[in-house]
Participant: 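There's a structure below that I have some questions on.
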Amino acid sequence: MKVERFITTKEQQTVLSQNNSNLGKNADVGKIAVEIAKLYFKREYNSPSYIENNNGIDLTVSWGASVEEYEIKGTVDPNIAFSKLKVSSQRVHDKLVNGLTLLRVCNISKEEIVLHFMKYNEDFTMIPEPRWSVKKM
């Protein structure tokens with residue numbers, strides 16, 4: 001599992017909280033997680049471009065000739081919180097099984113964000129439920 005620490009500026013925190021103010025709702029936490037991922041990739045790559053929600057994939061990032069897809073899950077918890085991590089789409093489940101990176105964005109609303117880049121059968125497996133529960137390997 002690749003783990004990256006990402007320090008957000010006060011300005012970035014303000015913009016993120018103004019645009020998505022309800023951290024009690026999973027949808028808003030998810031939106032913030034996608035925006036944080038974009039900030040991270042902007043720092044890592046030269047002029048990346050983004051496609052959001054492309055065929056059920058949360059974020060597609062391209063830079064130069066490279067393209068990566070990510071399923072992004074956010075949490076205000078400081079750790080991965082596997083018990084809260086769910087995959088509810090058959091399409092995303094299948095893509096994860098076939099190599100899609102699951103990006104868990106932790107510590108949302110804090111200055112120091114922790115990003116966990118995870119792969120199926122290396123870092124997690126999935127348990128069938130009405131949706132899939134992500135469980136640490």
Side-chain angles (χ1 to χ4, degrees):
M1 174 183 327
K2 176 181 168 185
V3 178
E4 294 283 334
R5 298 200 181 285
F6 179 67
I7 307 297
T8 54
T9 66
K10 295 287 183 199
E11 180 180 288
Q12 289 169 331
Q13 291 172 36
T14 300
V15 170
L16 289 168
S17 65
Q18 285 174 346
N19 293 340
N20 306 284
S21 59
N22 192 348
L23 287 176
K25 293 180 75 177
N26 287 341
D28 282 347
V29 171
K31 289 176 189 174
I32 293 171
V34 169
E35 293 305 314
I36 289 169
K38 287 179 182 179
L39 291 171
Y40 169 79
F41 291 124
K42 184 177 179 182
R43 182 189 81 179
E44 293 298 304
Y45 305 120
N46 185 24
S47 301
S49 60
Y50 311 105
I51 302 171
E52 287 184 63
N53 202 12
N54 184 26
N55 288 325
I57 301 306
D58 288 329
L59 190 64
T60 302
V61 182
S62 60
W63 65 99
S66 298
V67 176
E68 292 285 334
E69 295 180 321
Y70 298 91
E71 174 68 6
I72 300 175
K73 300 291 186 181
T75 182
V76 295
D77 290 340
N79 54 32
I80 294 175
F82 276 99
S83 64
K84 297 179 183 178
L85 195 47
K86 306 290 181 186
V87 174
S88 51
S89 155
Q90 182 68 47
R91 177 183 305 231
V92 172
H93 167 274
D94 294 348
K95 284 203 146 260
L96 287 166
V97 167
N98 289 302
L100 179 69
T101 299
L102 175 59
L103 174 53
R104 183 62 152 169
V105 180
C106 300
N107 223 19
I108 289 178
S109 81
K110 304 292 187 214
E111 180 182 348
E112 184 177 4
I113 306 297
V114 182
L115 299 104
H116 300 268
F117 294 81
M118 301 185 288
K119 291 290 190 177
Y120 178 77
N121 256 358
E122 292 175 23
D123 306 305
F124 68 92
T125 189
M126 290 182 278
I127 300 168
E129 296 177 350
R131 51 188 188 168
W132 290 269
S133 182
V134 176
K135 181 181 174 188
K136 184 178 180 180
M137 290 293 282

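Position 1 is the first residue of the sequence; numbering continues from there.
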Participant: On a heavy-atom basis, which atom in N53 and which in G56 lie closest, and how many Å separate them?
Facilitator: OD1-CA, 3.7 Å
Participant: Starting at CE of M126, measure out to OH of Y120 and round the result to the nearest 0.5 Å.
Facilitator: 5.5 Å
Participant: Just so I know, are the side chains of I108 and T75 near enough to count as touching, which here means a heavy-atom distance under 4.5 Å?
Facilitator: no
Participant: Are K95 and E69 within salt-bridge range, i.e. N to O under 4.0 Å?
Facilitator: yes
Participant: How far does CD of E68 sit from CD1 of I57, to the nearest 0.5 angstrom?
Facilitator: 12.0 Å
Participant: With sequence neighbours left out, write down each residue that passes side chain to side chain contact (heavy atoms under 4.5 Å, CB included) with T9, or none if nothing qualifies.
Facilitator: E11, Q12
Participant: Test of understanding: clusters of I, L, V, M, F, W, Y form through side-chain heavy atoms closer than 4.5 Å, transitively. Do L103 and V67 belong to the same one?
Facilitator: no
Participant: Decide side chain to side chain contact (heavy atoms under 4.5 Å, CB included) for F6 and R43; before the verdict, give the C-alpha distance in whole Å, the side-chain angles of both, and the deciding distance to 0.1 Å.
Facilitator: CA-CA 9 Å; F6 179 67; R43 182 189 81 179; 3.4 Å; yes
Participant: Going by the rule side chain to side chain donor-acceptor pair (under 3.5 Å), which residues pair with T60 if we only count those two or more places apart in sequence or in a different chain?
Facilitator: none
Participant: Could you give me the CA-CA distance, side-chain angles and deciding distance for Q13 and T8, then say whether side chain to side chain donor-acceptor pair (under 3.5 Å) is met?
Facilitator: CA-CA 6 Å; Q13 291 172 36; T8 54; 3.2 Å; yes
Participant: Quick check on N46: does its CG atom have over 12 non-hydrogen neighbours (other residues, nucleotides or ligands) under 6.0 Å away?
Facilitator: no
Participant: Exactly one of V29, I36, V34 should register a side chain to side chain contact (heavy atoms under 4.5 Å, CB included) with I32. Which one does?
Facilitator: I36
Participant: Once side chain to side chain contact (heavy atoms under 4.5 Å, CB included) is applied, do any residues pair with M1, and if so which ones, sequence neighbours excluded?
Facilitator: V3, I80, H116, M118, D123
Participant: Take atom NZ of K42 as the centre, draw a 6.0 Å sphere, and report whether it contains more than 12 heavy atoms from other residues, nucleotides or ligands.
Facilitator: no
Participant: Quick one: are S62 and S49 in side-chain contact, heavy atoms under 4.5 Å?
Facilitator: yes
Participant: How about E52 and D58: do any of their side-chain heavy atoms sit closer than 4.5 Å?
Facilitator: no
Participant: Output the distance between atom CG (L16) and atom NZ (K31), rounded to the nearest 0.5 Å.
Facilitator: 13.0 Å
Participant: Working to the nearest 0.5 Å, report the span between OG of S133 and NZ of K86.
Facilitator: 3.5 Å
Participant: Would you give the length of the straight line joining atom CZ of R5 to atom CG of N107, rounded to the nearest 0.5 angstrom?
Facilitator: 8.5 Å
Participant: Got a sec, which residues hit side chain to side chain contact (heavy atoms under 4.5 Å, CB included) with K135, two or more places apart in sequence or on another chain?
Facilitator: T125, I127
Participant: Hey, quick one: are I72 and I51 part of the same hydrophobic cluster, counting side-chain heavy atoms closer than 4.5 Å, chains of contacts allowed?
Facilitator: no
Participant: K73 and L102: side chain to side chain contact (heavy atoms under 4.5 Å, CB included), yes or no, with the steps?
Facilitator: CA-CA 8 Å; K73 300 291 186 181; L102 175 59; 3.8 Å; yes
Participant: Quick one: pull up CG in L96 and CD in E71 and give me the separation to the nearest 0.5 Å.
Facilitator: 6.0 Å
Participant: With a 4.5 Å cut-off on side-chain heavy-atom distances among I, L, V, M, F, W and Y, is there a chain of contacts connecting V134 to M137?
Facilitator: no
Participant: Applying side chain to side chain donor-acceptor pair (under 3.5 Å) to K119 and T101, what does each step give before you reach the verdict?
Facilitator: CA-CA 5 Å; K119 291 290 190 177; T101 299; 2.9 Å; yes
Participant: Taking everything shown except R91 itself, do over 12 heavy atoms lie less than 6.0 Å from its CZ?
Facilitator: no
Participant: I'd like to check the side chain to side chain contact (heavy atoms under 4.5 Å, CB included) partners of Y45; sequence neighbours left out, ordered by chain and number.
Facilitator: F41, P48, W63
Participant: Suppose we call two aromatic rings close when their centres sit under 6.0 Å apart. Are F117 and Y40 close by that rule?
Facilitator: yes
Participant: List for me each residue that meets ring-ring contact (aromatic ring centres under 6.0 Å, His included) alongside Y50, sequence neighbours excluded, and say none if there are none.
Facilitator: none
